[in-house]
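Index from 1, following the sequence. Small disclaimer: the values here were computed from a predicted structure and weren't measured. Reckoned from all heavy atoms, side chains included, excluding hydrogens, waters and symmetry mates.
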Amino acid sequence: MTHILHIDASARPGIAGTDNHGSHSRHLTDQFVSQWQSGRPQDTVTYRDIGQNPPSIINHDWIASAFTPEERLEPWMKEALAESDHLVDELIAADIVVIGTPLYNFGMPAALKAWIDQVVRAGRTVEFDDTNPIDPFVPKLTDRERHAVVLTARGGVNMAPGEEMAHMNHLEPHLATALGFIGITRLHYIAIEGQEVGGELLAASVAEAVGKIESLVGELQVAFQDAPSPEPA
């Protein structure tokens with residue numbers, strides 16, 4: 001079976017097209033997960049709504065604990081890392097991470113950055129090789145093929161790579177760097193644009209994105225169907 005980690009980061013709780021002031025990124029993730037489960041009902045999904053329930057921002061206790069060897073962790077340190085451990089466990093268990101996020105002020109929402117800070121963690125998702133001072137970081141999530149599907153909603157237009165306003169979009173590049181750093185390098189991007197303009201421009205963008213999601217679901221389901229099963233432990 002394939003396991004999906006479904007993350008919504010929008011501050012808007014509803015789904016566009018269903019709720020007033022609903023979220024377009026939530027609409028996209030709902031489309032992806034619904035279509036996936038329609039074709040592969042045996043697969044499992046873990047849902048995390050960080051837009052409504054943001055992860056904790058890392059603080060001094062977290063940092064002190066995260067950089068202490070496991071055998072020296074004190075009880076308060078284990079407590080400081082409990083949320084991070086849970087989020088990391090969810091990520092490690094996933095074959096596909098579906099991230100729905102708006103573009104806020106040129107980058108990711110604070111809740112999504114908090115999630116990134118909780119899961120990019122020494123000893124859990126990345127190792128440090130002190131014999132290689134030039135590039136000492138070794139991603140740990142390379143034990144099997146994982147994919148990330150990044151579904152975004154932008155208020156402006158022409159913000160995709162190579163387009164006129166791409167220099168103002170730091171969302172997808174930031175996610176690519178952070179996820180690649182821990183070993184998730186198979187990334188797929190689908191976005192809607194024109195949310196601030198609305199009208200036909202937005203409607204056309206939404207329709208195009210939904211069509212791309214349908215195609216991507218089909219491609220990934222074929223890929224996972226053809227992938228060899230992991231050897232039993």
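In this structure, Met159 and Leu103 have side chains that are in contact, with non-hydrogen atoms separated by less than 4.5 Å. Looking only at side-chain heavy atoms (C-beta outward), Gln118 and Ser56 come within less than 4.5 Å of each other. Here the side chains of Met1 and Thr44 are in contact, with some heavy-atom distance below 4.5 Å. Residues Arg186 and Arg146 have side chains not in contact (no heavy-atom distance under 4.5 Å, counting atoms from C-beta outward). Residues His24 and Gln195 meet the side-chain proximity criterion, which asks for heavy atoms closer than 4.5 Å. At least one side-chain heavy atom of Phe224 sits less than 4.5 Å from a side-chain heavy atom of Ile96. Side-chain contact between Phe32 and Leu216 is present, with at least one heavy-atom pair separated by less than 4.5 Å.
In the hydrophobic cluster analysis, where Ile, Leu, Val, Met, Phe, Trp and Tyr join through side-chain heavy atoms closer than 4.5 angstrom, Val150 is grouped together with Phe181. In the hydrophobic cluster analysis, where Ile, Leu, Val, Met, Phe, Trp and Tyr join through side-chain heavy atoms closer than 4.5 angstrom, Leu91 is grouped apart from Val149. The cluster map of Ile, Leu, Val, Met, Phe, Trp and Tyr, joined by side-chain heavy atoms under 4.5 Å apart, puts Val119 and Ile58 in different clusters.
One side chain, Glu172 or Thr152, offers a donor N or O that lies under 3.5 Å from an acceptor on the other. Checked by atom type, the side-chain pair Asp8/His6 shows a donor-acceptor distance below 3.5 Å. In summary, the side chains of Thr131 and Asp129 do present a donor paired with an acceptor at a separation below 3.5 Å, with no hydrogens or angles considered. For the 3.5 Å distance criterion, the side chains of Asp43 and Trp36 qualify, holding a donor opposite an acceptor. Under 3.5 Å, the side chains of His3 and Thr46 contain a donor-acceptor pair of N or O atoms. With hydrogens and angles left out, the side-chain atoms of Glu193 and Ser205 include no donor and acceptor closer than 3.5 Å. Defined by atom type and a distance below 3.5 Å, a donor-acceptor pair is missing between the side-chain atoms of Glu83 and Trp62.
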Quick one, Leu28 with Ile192, criterion side chain to side chain contact (heavy atoms under 4.5 Å, CB included). Give me CA distance, side-chain angles, the key distance, then yes/no. CA-CA 9 Å; Leu28 298 184; Ile192 66 131; 4.0 Å; yes

Side chain to side chain contact (heavy atoms under 4.5 Å, CB included) between Asp85 and Leu87, intermediate numbers included: CA-CA 6 Å; Asp85 283 331; Leu87 295 175; over 6 Å; no

Apply side chain to side chain contact (heavy atoms under 4.5 Å, CB included) to the pair Tyr104 and Ser10, showing each step before the final yes or no. CA-CA 9 Å; Tyr104 284 166; Ser10 175; 4.0 Å; yes

Would you please test Ile4 and Gln37 for side chain to side chain contact (heavy atoms under 4.5 Å, CB included) and show each step? CA-CA 10 Å; Ile4 294 174; Gln37 291 184 305; 5.9 Å; no

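Not counting sequence neighbours, the partners of Pro69 by the side chain to side chain contact (heavy atoms under 4.5 Å, CB included) test are Glu71, Arg72.
Taking CG from Leu81 and OG from Ser65, the interatomic distance works out to 4.5 Å, rounded to the nearest 0.5 Å.
For the residue pair Leu202 and Gly194, the shortest heavy atom distance occurs at CB-O, 3.7 Å.
Residue Gln42 qualifies as enclosed at atom CD: its count of foreign heavy atoms under 6.0 Å is above 12. Within a 6.0 Å sphere centred on CD of Glu214, other residues, nucleotides and ligands contribute 12 heavy atoms or fewer. In His60, the NE2 atom is not crowded: 12 or fewer heavy atoms of neighbouring residues, nucleotides or ligands sit closer than 6.0 Å. Heavy atoms from other residues, nucleotides or ligands lying under 6.0 Å from CG of Leu201 number more than 12. Around CG of Asn20, the count of heavy atoms belonging to other residues, nucleotides or ligands within 6.0 Å does not exceed 12. The environment of CD in Glu196 is sparse: at most 12 heavy-atom neighbours from other residues, nucleotides or ligands sit within 6.0 Å.
Classified by interplanar angle (parallel below 30°, tilted 30° to 60°, perpendicular above 60°), the ring pair His188/His147 is parallel.
Under a 3.5 Å cut-off, the side chain of Asp19 and the backbone N or O of Ile15 do form a donor-acceptor pair.
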